[in-house]
Amino acid sequence: MAPAKKKLAKKARVKAHKSRPAATGRSPAAKTRSRTAVKKTTKQKKTSAKATTKARAPKTAKKAVKKKTVKKTIRKTARKTARKAVKKQPATRTPKKVATKKTASKKATPKKAAPKKATPEKAAPKRSVTTRPVKKTTPRSPGKVGAKVDTTAASLPSSTASSHTNTFYITTAIVYPNGAPHIGHAYEAIATDALARFQRLDGKDVFFLTGTDEHGQKMVQTAQRENISALELATRNAELLRKLDETLNISFDRFIRTSEPAHHSSVQEIWRRMAANGDIYLSSYAGWYSVRDEAYYAEDETLVGDDNVRRGPQGTPVEWVEEKSYFFKLSAYQDRLLALYESQPDFIGPDSRRNEVVSFVKGGLKDLSISRTNFDWGIKVPDDPEHVMYVWVDALTNYITGVGFPDENDRNWHYWPADVHIIGKDIIRFHAVYWPAFLMSAGIPLQKRVYAHGFLFNRGEKMSKSVGNVVDPFSLAAQYGVDQVRYFFLREVPFGQDGSYNHEAIVARINADLANDFGNLAQRSLSMIAKQHGGVLPEPGDFSDADKAILAQADGMIAITREAMNTQQIHQALNAIWTVVAEANRYFAGEAPWVLAKTDPARQRTVLYVTAEVVRQIAILAQPAMPVACAKLLDILGIPQGERSFAMLGGQIRIKPGTALPAPVPVFPRYVEPSAA
């Protein structure tokens with residue numbers, strides 16, 4: 001289910017009543033002494049070709065660490081930590097020539113001629129993308145035992161250092177509030193929050209924007225059916241969405257509403273800049289329009305059903321519309337957009353969505369209708385109040401309104417350009433085609449990345465009111481627990497793909513991953529410290545090979561998870577963490593500290609200390625997914641609030657022995673069916 005408010009429109013075709021605007025290869029190892037010079041040359045060419053092919057290979061998600069012996073796991077972790085993803089190099093193709101319109105708007109006279117076709121070399125954005133490479137690391141030897149956790153003693157990892165301000169700006173799509181929030185909205189909010197929390201804990205200055213898109217014909221029609229104003233409808237449902245975010249512990253920095261006066265000023269300013277650049281003109285539109293999709297369709301994209309109702313490709317009714325409209329010269333930006341995608345292969349993620357967008361743009365872009373006259377609930381076009389702006393110019397501009405545009409002296413403007421827009425896959429074209437074109441036209445730096453997640457299905461079926469399988473996210477959180485719901489969706493569904501959920505799957509994750517694996521490990525070890533050592537973390541002795549192995553694996557988690565989260569692979573980050581949870585359980589069971597209490601008390605103290613240190617690192621790294629539960633666990637471990645960032649990970653600093661720990665309590669209770677309670 002799409003978390004955003006609009007469904008994806010296929011190629012929107014516009015009928016205008018007026019004239020249309022118009023390497024060097026590497027040498028092989030010198031081992032073939034008896035071969036001729038010709039064979040050597042041939043081998044060199046093959047090696048060069050192989051190297052080039054490898055350089056063009058797309059980066060792939062890392063597989064989970066195999067659960068073999070501890071030593072093999074450590075070696076594999078080290079190799080994976082050091083490996084960098086190789087960016088995909090798309091094949092170049094000269095875009096088709098697109099004629100530009102010559103008709104200028106009488107209301108918005110451009111200051112200069114409409115832009116001519118630009119070659120990729122000249123039109124590519126003059127903005128460098130700051131990459132955050134993962135530092136190559138290998139599992140470290142256990143750090144100094146007696147070192148107290150101290151934020152001043154640990155330097156931030158090199159991969160968190162930005163080239164300028166160390167900021168990180170992340171957004172959700174803004175939600176269309178013509179109805180109550182559903183699980184799709186919750187999923188996008190949870191995932192975006194986990195990404196934002198991760199970057200905060202990794203030392204970034206984060207700004208997280210979410211909110212509601214309140215204008216448009218759907219809002220007017222829904223409000224009329226309820227006999228209230230569109231503003232009343234928007235306010236009521238915006239509050240529900242804000243309440244959902246608060247319920248799910250979403251750490252947004254600003255909740256924006258597009259009905260805010262500040263947003264009106266922002267949108268009118270970007271309109272003026274696009275008009276001044278010669279990219280807006282007045283013409284007329286005639287064609288099929290879907291109110292529900294907020295999209296225009298060509299006639300061959302529609303179909304008349306047995307009920308004599310014409311519907312678009314998304315199955316929603318369409319109506320014939322003929323009206324004056326302002327148009328944006330999207331066709332003039334085809335070459336520049338293709339140059340953008342080629343120069344910045346990671347501008348769109350995942351790769352499947354990137355391929356979709358590139359194919360769409362190469363197929364040819366049509367100019368875009370950006371105003372309406374048949375309703376007035378929207379932002380007025382500057383100098384022509386008969387028109388209100390069509391939803392996408394209005395909605396997309398929220399991303400710059402949220403950080404102060406057009407006031408570039410605003411204290412938040414330094415966060416722009418956004419590091420990543422998190423959206424549903426059904427609106428990828430609007431964010432990866434329309435939005436960068438608007439920004440290019442207005443002379444504003446482009447966002448760095450757009451990442452589209454998939455849909456959620458209830459037991460494999462698309463959620464629908466008519467089917468009766470729509471799930472209230474408030475009820476879901478109340479039934480299973482907020483952190484449990486957050487963990488389930490982030491671990492269960494590969495981010496970027498469609499996913500399915502059901503009661504049994506949620507219960508299985510809660511009881512197996514959380515209660516049995518992580519919760520049981522923490523509870524057993526900390527209870528043993530409480531009962532047999534007076535609640536004081538014991539002083540360890542010399543570390544055995546088994547101790548060093550599990551500590552090294554815990555130390556290696558931060559590099560793996562950082563690399564995964566920097567490419568929005570949230571599930572891969574959690575897979576890496578829970579691989580260590582499984583290994584820690586094997587370590588604890590193998591060492592059997594309950595037996596050592598009688599046979600070798602000194603060894604038992606070391607095992608309990610090592611287990612507490614591993615649990616500490618796991619709890620710190622799992623905070624983005626389960627902030628409340630992990631905070632409780634870190635409280636039980638006696639970790640101060642200021643010592644819970646990722647700077648405390650990696651092995652240079654260890655938990656302090658001799659610390660008096662609070663009495664342990666279960667953090668991850670098992671889920672028990674209400675009937676069996």
Side-chain angles (χ1 to χ4, degrees), residues 1-17 173 175-179 182 184 213 215-222 224-225 283-328 330-331 353 356-357 359-361 363-375 377-378 388-396 423-435 452 454-455 457 461-467 470 498:
M1 173 156 300
K5 65 283 172 182
K6 304 170 185 73
K7 297 181 179 244
L8 174 62
K10 288 192 176 180
K11 190 188 309 178
R13 300 181 180 176
V14 177
K15 179 187 292 183
H17 286 183
V175 178
Y176 208 66
N178 66 323
H182 54 69
D213 172 17
H215 297 130
Q217 194 170 0
K218 282 189 294 187
M219 291 292 291
V220 173
Q221 294 178 349
T222 303
Q224 289 173 344
R225 287 195 296 270
S283 187
S284 296
Y285 173 80
W288 296 104
Y289 178 73
S290 168
V291 175
R292 188 180 303 175
D293 297 349
E294 296 283 10
Y296 301 98
Y297 295 115
E299 186 158 341
D300 60 5
E301 294 179 294
T302 66
L303 183 67
V304 178
D306 295 336
D307 55 0
N308 292 322
V309 175
R310 185 180 293 273
R311 291 181 171 82
Q314 305 294 335
T316 58
V318 295
E319 57 188 38
W320 185 260
V321 174
E322 294 187 28
E323 61 181 336
K324 289 192 299 181
S325 176
Y326 282 96
F327 289 80
F328 174 75
L330 186 64
S331 59
R353 301 280 80 84
E356 171 191 323
V357 170
S359 177
F360 173 74
V361 175
L365 296 177
K366 304 294 184 181
D367 289 354
L368 181 68
S369 173
I370 55 172
S371 76
R372 302 295 302 276
T373 58
N374 62 342
F375 62 92
W377 174 240
V388 295
M389 296 185 201
Y390 176 55
V391 63
W392 288 109
V393 176
D394 175 358
L396 293 166
I423 61 168
K425 68 178 183 179
D426 54 339
I427 53 174
I428 184 64
R429 293 181 190 174
F430 304 117
H431 286 77
V433 180
Y434 297 179
W435 182 224
F455 295 162
F457 298 97
E461 293 184 345
K462 186 176 181 180
M463 286 174 280
S464 168
K465 291 181 180 179
S466 60
V467 176
V470 176
D498 293 342

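Count residues from 1 along the sequence. Predicted model, so just to flag it, every value in this text is computed and none were measured.
Here L368 contributes atom CG and L330 contributes atom CG; the two are 6.0 Å apart, rounded to the nearest 0.5 Å. To the nearest 0.5 Å, the span separating NZ on K218 from CG on N178 amounts to 5.5 Å. The line from OG of S284 to NZ of K324 is 7.5 Å long, rounded to the nearest 0.5 Å. Atom CZ of residue R311 and atom OG1 of residue T302 lie 11.5 Å apart, to the nearest 0.5 angstrom. Note that the CZ atom of R353 and the CD1 atom of I428 stand 7.5 Å from one another [nearest 0.5 Å]. Put simply, CE on M219 and CD on Q221 are 11.5 Å apart, with the number rounded to the nearest 0.5 Å.
H215 approaches D394 most closely through the heavy-atom pair ND1-OD2, 2.7 Å. The heavy-atom pair separating L396 from F430 by the smallest distance is CD1-O, 3.5 Å.
Put simply, the side chain of D213 never gets that close to the backbone of Y176: no donor and acceptor are under 3.5 Å apart. Panel note: side chain D367, backbone S331; a donor-acceptor pair is recorded below 3.5 Å. Under the 3.5 Å distance criterion, the side-chain polar atoms of S325 are matched with a main-chain donor or acceptor of S371.
Residues V388 and W377 are not in side-chain contact: their nearest non-hydrogen atoms beyond the backbone lie 4.5 Å or more apart.
Between W392 and Y434, the gap from one ring centroid to the other reaches at least 6.0 Å.
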